[in-house]
Amino acid sequence: MVAVTDDGPGTAVVPDGFDAYAAGRVDARFTDWLRERAEPDWTAATTHQFARELGGGVLDDEVFRRYLVQDYAFIEALVGAFGHAVGEAPSMAAKSWLVDFLGVLTADEDDYFERSFDVLDVQPETYDNPDLTPATRAFTDLLERAARQGGYAETLAVLTPAEWTYLEWATTAADGDAPTRFYLSEWVDLHTGERFADVVAWLRDELDREGAAASARRQRRLARLFRRAVELEATFFDAAYDPEGTVPGGGRQW
């Protein structure tokens, strides 16, 4: 396939329709099309300075504190979106998968946050009701809008990149020596390994099925949601260094 451009000179992108992308490809996946349509934001998110420094064990504690407080606040919206997906899921098997992952978010990760906040000397009054950065507000709003104004596929279009990008950068980080600070090494561990990889694989399979069956118009909407989520992942990392930084696209969501 000859690459075309629509984001500026030298920026290779795939066709804006899934059918055109799938033509001539064996076992074309809807999520591969979404990921490729999300460049260059996908690369920006998965190779971000924050991820590189975290994986290398050199991330400044103050940067990580800011990030962790915002992420803890974001988890509430993420849990809500997964909960909405449980209600919208088309089968009991799908509902079971989503409920299982909700258990990880509300148990395993919550324990990690509590231990990390303690060591990093972050007080409850700071992380229980933080001032949200523009990036956190934008990402939270995207999750809520996708769940409230869309359906199962729209929710998956935001949840899948939120988890998949983390698997991508954390897998790269895991190839090196583990950071000596437990709150860095465990954050990598939580987003790698067979259990988390299975969750991402399942989310992709669900979105592959839902997306391939959607109308061309809805597919384009799913692509916009997916790309916006990836864009905001990179912006969320940016905010760890510059909490008041601007959010690309302003109020754009869909």
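- The existence of a salt bridge linking E154 and R218 is confirmed by a sub-4.0 Å separation between a basic side-chain nitrogen and an acidic carboxylate oxygen.
- Salt-bridge check for D111 with R115: passed, with a basic side-chain N closer than 4.0 Å to an acidic carboxylate O.
- Rounded to the nearest 0.5 Å, atoms CD (E233) and CD (E168) are 12.5 Å apart.
- Contact of the F117 side chain with the Y72 side chain is registered, since non-hydrogen atoms from C-beta on lie closer than 4.5 Å.
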Show your reasoning for whether side-chain hydrogen bond (donor to acceptor under 3.5 Å, both in side chains) applies to T43 and E39.
-> CA-CA 7 Å; T43 297; E39 290 290 4; 2.9 Å; yes
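- A side-chain donor from one of E53 and Y241 sits under 3.5 Å from a side-chain acceptor of the other.
- The shortest side-chain heavy-atom distance between T126 and R65 does not fall under the 4.5 Å cut-off.
- Checked for salt-bridge contact, D205 and R29 meet the test: a charged N lies under 4.0 Å from a carboxylate O.
- Between atom CG of residue L78 and atom CG of residue D71 there is a gap of 8.5 Å, rounded to the nearest 0.5 Å.
- In summary, D41 and R228 do not engage in a salt bridge, as defined by a charged side-chain N under 4.0 Å from a carboxylate O.
- Put simply, the residue from F113, F182, W169 that forms a ring-ring contact (aromatic ring centres under 6.0 Å, His included) with W187 is F113.
- A salt bridge does not link D32 with R25: every distance from a Lys NZ or Arg NE/NH1/NH2 to an Asp or Glu carboxylate oxygen is 4.0 Å or more.
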